[in-house]
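The block underneath contains the structure these notes are about, expressed in structure tokens.
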Amino acid sequence: MAEHRYEPHDIERKWQAIWERERTWEVPNIDDGTPRSYVLEMLPYPSGEPHMGHLKNYSVGDAVAHFRRRNGMRVLHPMGYDAFGLPAENNAIKTGVHPRQATEASIASFQRQFRSWGISIDWSREFGTHEPRYYRWTQWIFLKLFERGLAYRKEAAVNWCPKDATVLANEQVIDGHCERCGTQVELRQLEQWFFRITDYADRLLDDLETIDWPHHVVTMQRNWIGRSEGAEVTFSCPEMGVDYSVFTTRPDTLFGATFFVMAPEHPDVLRLAAGTEHELAVREYVNQVLSESREDRADTERKKTGVPLGRSVINPVNGERIPMYVADYVLMEYGTGAIMAVPGHDERDFDFATVFGLPIRRVIGGGEDLPYAGDGPLVNSSPEFDGLNNRDALEKIVDWLDREGKGHRSVNYRLRDWLLSRQRYWGAPIPIVYCDTHGIVPVPEADLPVQLPDIEDYAPQGRSPLAAAEDWVNTTCPVCGGPARRETDTMDTFVDSSWYFLRYCDANNDEAAWDPKTLALWAPADQYIGGVEHAILHLMYARFFVKALADLELLDIQEPFKALFTQGMITRDGAKMSKSKGNMISPVSYVERYGADTARAYVLFIGPPDQDADWSDEGVEGVHRFLARLWRLGTEVAAQTGQQPLLGPLEAPAGDDLELMRKAHWAIDKVTNDMAGRFAFNTAIAAVMELVNEAYRRRENVKPATLHFATATAASLIFPFGPHTASEVYEALTGERVWETPWPDADLGLLERDVVEVVVQVNGKLRDRIQASATSTREELEALARERPNVIAHIDGKQVMKVIVVPAKLVNFVVR
RNA sequence: GCGGGCGUGGUGGAAUCGGUAGACACGCCGGCUUUAGGUGCCGGUGCCGCAAGGCGUGGGGGUUCGAGUCCCUCCGCCCGCACCA
């Protein structure tokens, strides 16, 4: 058969040309009653060439898209590029080449590869987020949020990366280091733009219950939002005539508060210490803490440090005067920047009290040693509350505080507002100008986009490189026409990617970001697919945007992604692939060597797609062998039968014909279930392999029509994973285009057998198998089982206590 | 420390509802074909044992007629958050 060789490149080119010419995967924005589905993979960040993670991501998404299409749905399956961002700009600084040039070269390479992989993309909706026709609307959304008060400017201690010379969002700081370059970040007091995502904390939390997302992602988001219920309690400082409130989740332990601690950044700290013997020490301590790295400060292992402030506050529940301290374990960003310290029932306060010799008082019974953080009855508190369970006492104490005007119930979140301004060049300009008379003025919508000007020097100097583009910066105030200066910061790229999935729905609309009716045809995305690394950042921001846009009545959904699937990484020798490790392998070389179908089917066959999987060249060979086998079988059968319609239901099925038909219908059922309810592509592909193996084994003994059916069915079922080979084989056998034929239906009646194998156990151990009628009664099965020699040997001389019979499945003798 | 997940042959993995552990694939062994073949086709392959048989899903315990699957406990690995009051 030397002349008959599986030539994936010829086959793939042929079908790709057809899909391209006929625009097969484009879908119209109409509602004609056809059920619709929006299948979306996270858009790639175009840097260099696509890697294995992309291949896996889009192979998963394409399988889902194809499966839904063939089940009668009109599927929106678009593609775009998250084109703004730091790596392109850093490259520009190094090489002097404009980031647009490098980015667009990379986009071209992604486009080439997506086509060569045969991903079924609606190319008519493609865009890059760096194109003015896109970022015009990013700016428009910014203005809408600004109008609503959801975008605002404030001075705050922010994360600053000295290497990238820009501020970072909280979410972009990993273990105190810059997410991008790994440099240790510093805290700087700067005026910056924020989105008020904290206003949405409760909705972001509650609506997690309305979406079908992986449990671990939901948990991560929940933890990130970090909702804590408790109370705000007022401690007054009579010496200074000031009240300080603290947030606590444990007002039940108020009677155990023996000191009070403020964060070093607290604005009152120096004033409080002024004139006391501790003034100098406090000043030194604060300066020292502020110069510390975030990472050192966050080290929970090190000994607690702090300095007395020389002042005291009154505990509102018992009038006790307790000393004030400043200590770096209290954070300015959370709660009020001050805490009541209860060393008996909080480990951190306990550590501090131990170092400083402060009193430690037990006010909750239970546990052996202090600190004790569990529940129990109140003790040493007040006659009114002692003896009460602490949870009941908590409610009563807060009620009392509320009546006395000394506190109230309160909720705190770990979530902070989203810092979106970046002192960088390669991003969407923030559409704001500063006027001496009118202050912060939004650019009128009609003037959008604020075009990103071309510049020469990209190097950041602690301010945006855009500041050097004088012609661009100097403008006129939209209100008074007087001289004004443009905002020179650009937006975080996460702003761009927080709404791109909306734009796909109406990508060519030049009048608006989207038409709400058109958007409603598709949004929200029915299935979103991407890496877990976006579990918090992108997936939280996109949810916030959709909620904010819904409040602006610009759309009518509350969540962007109904269902989410997070794929695992492809590793090599158990390690993450990276340029620095030099263990990168690229999809291109495999596509060139084996064809796209092999590469695609392999990344899905390698294991469950939500788990990490290690790349193996031998494994690729195995999948390639399988596809070649299917193609060869198809060619052989087609030579024998010619193109003909699929075999209908069998008249009098028997023998090998019946068995092969059964296997085919079993495979249809198996693949359908593996695709419909879950993402079990690995077992789906295995089922098609079984069908092909079965067809090979029985091919000499079955009628041509049976073999034809089995082979065409295998091609039809493998289509979502290896679309080119599937199309080729299916066409050779039937003359039809497989993607235009409906997904096959399993004849479940055919799968039912008259004679089944029944397992016989004695005390739960397998002793024999018997062939029995599927309709045999319990008594018949037990009787049959008792005749078996191996069963007799095992129950002989023993007492049969019980017999368990599961009809058509098993018989278990319980003997003693 | 808190939260989440995982642990099955030589390897990747399968077992969807508590009912035959190891599908499919890799690797390995054997046969056939072609032999120029590193192609193709067929068969075998959890471990111990000549066999009968025994053992076997990280360790220990439990529930059950029956546990990879449920419960408790310990060990190991991975991920996320981390002085969040």
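Order of the sequence lines sets the chain letters (A, B, ...), proteins ahead of strands, with each chain counted from 1.
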Quick one: label A:V759 by what it contacts on the DNA or RNA (base, sugar-phosphate, nothing), any heavy atom closer than 4.0 Å.
base

Just compare B:C41, B:G4, B:C24 and give me whichever is closest to any side-chain atom of A:R699.
B:C41

Taking only side-chain nitrogens and oxygens of A:K802, does any of them come within less than 4.0 Å of OP1 or OP2 of B:C65?
yes

Interatomic distance at C1', B:G19 relative to B:G3, whole Å:
35 Å

Does a salt bridge link A:E782 with A:R786, judged by any charged N lying under 4.0 Å from a carboxylate O?
yes

Which one, B:C83, B:G19, B:G53, comes nearest to the side chain of A:I804?
B:G19

Touch check for A:K303, heavy atoms < 4.0 angstrom, all strands: base, sugar-phosphate only, or nothing?
nothing

Say you pick atom C1' in B:G59 and the same atom in B:C50; how far apart are they, in whole Å?
34 Å

Contact under 4.0 Å: A:R629 side-chain N or O vs B:C24 OP1/OP2:
no

Counting side-chain heavy atoms from C-beta on, which of B:C83, B:G19, B:A21 comes nearest to A:R302?
B:C83

For the side chain of A:R414, starting at C-beta, report the closest nucleotide among B:G4, B:A85, B:A82.
B:A82

Ring centroid separation A:Y602 to A:W615 under 6.0 Å
yes

B:A85, B:C41, B:G13: which one has an atom nearest the side-chain heavy atoms of A:P608?
B:G13

Check the phosphate of B:U39 against A:R632, side-chain N and O only, distance under 4.0 Å to OP1 or OP2. Yes or no?
no

Please confirm whether the shortest side-chain N or O distance from A:R625 to OP1 or OP2 of B:C26 is below 4.0 Å.
yes

When syn is taken as a glycosidic angle within 90 degrees of 0, is B:C70 syn or anti?
anti

May I have the distance from A:L539 (atom CG) to B:G80 (atom P), rounded to whole angstrom?
15 Å

Provide the Watson-Crick or G-U wobble partner of B:G19, both distances under 3.5 Å; none if there is no partner.
B:C65

Compute the centroid of each ring, for A:F352 and then for A:F259, and state whether the two points are separated by less than 6.0 Å.
yes

Under 4.0 Å, heavy atoms only, any strand: does A:S616 hit a base, just the sugar-phosphate, or nothing?
nothing

B:U16 versus B:A21 - spacing of their P atoms, nearest Å
14 Å

Nearest-angstrom distance, C1' atom, B:G66 to B:C81:
42 Å

Taking the P atom in each of B:C24 and B:U45, what is the distance between them to the nearest angstrom?
12 Å

Rounded distance in Å - CD (A:E621) to C1' (B:U11):
16 Å

Would you indicate, yes or no, if B:A25 has its OP1 or OP2 atom less than 4.0 angstrom from a side-chain nitrogen or oxygen of A:N693?
yes

For B:C81, give the paired nucleotide (Watson-Crick: N1-N3 plus N6-O4 or O6-N4; G-U: N1-O2 and O6-N3; both under 3.5 Å), or none.
B:G1

In terms of relative ring orientation, are A:Y594 and A:Y590 parallel, tilted or perpendicular, with 30° and 60° separating the classes?
parallel

What distance, rounded to whole Å, do you find between the two P atoms, one in B:G62 and one in B:C2?
28 Å

Atom pair distance, as rounded to whole Å: CH2 in A:W666 and P in B:A15
11 Å

Among B:A85, B:U16, B:C24, which nucleotide has an atom closest to any side-chain atom of A:F605?
B:C24

Is any side-chain N of the basic residue among A:R250 and A:D346 closer than 4.0 Å to the acidic one's carboxylate O?
no

Using a strict 4.0 Å threshold on nitrogen-to-oxygen distance, state whether A:D375 and A:R391 make a salt bridge.
yes

The side chain of A:N223 lies closest to which of these nucleotides: B:A85, B:C24, B:G3?
B:G3

What contact category does A:G226 fall into here, base, sugar-phosphate, or nothing, at under 4.0 angstrom with non-hydrogen atoms?
nothing

Determine the contact category for A:R222: base if any of its heavy atoms lies under 4.0 Å from a base atom, sugar-phosphate if only primed atoms, P, OP1 or OP2 are that close, otherwise nothing.
nothing

Between A:E757 and A:G337, whichever has its closest RNA chain B nucleotide further toward 5' is A:E757

With a 4.0 Å cut-off on heavy atoms, is A:R227 in touch with a base, just the backbone sugar-phosphate, or nothing at all?
nothing

What form does the base of B:G13 take, syn (within 90° of 0) or anti?
anti

Contact class for A:N682 vs. all strands (heavy atom < 4.0 Å): base, sugar-phosphate, or nothing?
sugar-phosphate

Please lay out, stage by stage, how A:H345 and A:F350 fare under the test ring pair (Phe, Tyr, Trp, His ring centres under 6.0 Å).
CA-CA 7 Å; A:H345 303 283; A:F350 182 88; over 10 Å; no

For A:E333, answer base if it contacts any base atom (sugar-phosphate contacts may also be present), sugar-phosphate if it contacts only those atoms, and nothing otherwise; contact means non-hydrogen atoms under 4.0 Å.
nothing

Looking only at atom P, what distance separates B:G60 and B:G56, rounded to whole Å?
9 Å

Which residue lies more 5' along RNA chain B, comparing A:F813 with A:Y334 via nearest heavy atoms
A:F813

Pick base, sugar-phosphate or nothing for A:N812, based on heavy-atom distances below 4.0 Å to the nucleic acid.
base

Where the side chain of A:Q761 is concerned, which of B:C26, B:U16, B:G19 is the nearest nucleotide?
B:G19

For the pair A:E780 and A:R778, find out whether any cationic side-chain nitrogen is under 4.0 Å from an anionic carboxylate oxygen.
no

pair_partner(B:C50), Watson-Crick or wobble, both distances < 3.5 Å, evaluates to none

Sugar-phosphate, base or nothing in reach of A:I606, heavy atoms under 4.0 Å
sugar-phosphate

Rounded to whole angstrom units, what separation is found between the NZ atom of A:K765 and the C1' atom of B:G53?
12 Å

Per atom distances to the A:A686 side chain, the nearest of B:A85, B:A23, B:A82 is B:A23

Please determine, by modelled atom types, if A:T571 and A:D612 share a side-chain donor-acceptor pair under 3.5 angstrom.
no

Touch check for A:Q611, heavy atoms < 4.0 angstrom, all strands: base, sugar-phosphate only, or nothing?
nothing

What is the base-pairing partner of B:C41, counting Watson-Crick and G-U wobble geometry with both distances under 3.5 Å?
B:G31

Counting the atoms with a prime plus P, OP1 and OP2 as sugar-phosphate, which does A:V330 contact under 4.0 Å by heavy atoms, base, sugar-phosphate, or nothing?
base

Regarding A:D328, tell me which of base, sugar-phosphate or nothing describes its non-hydrogen contacts under 4.0 Å with the strands shown.
base

Does the Lys NZ or Arg CZ of A:R629 fall within the cation-pi geometry relative to A:Y696 - under 6.0 Å from the ring centre and within 45° of the axis?
yes

Distance, C1' atom - from B:G54 to B:C41, rounded to whole angstrom:
37 Å

Do any side-chain nitrogens or oxygens of A:R767 fall under 4.0 Å of OP1 or OP2 in B:G54?
yes

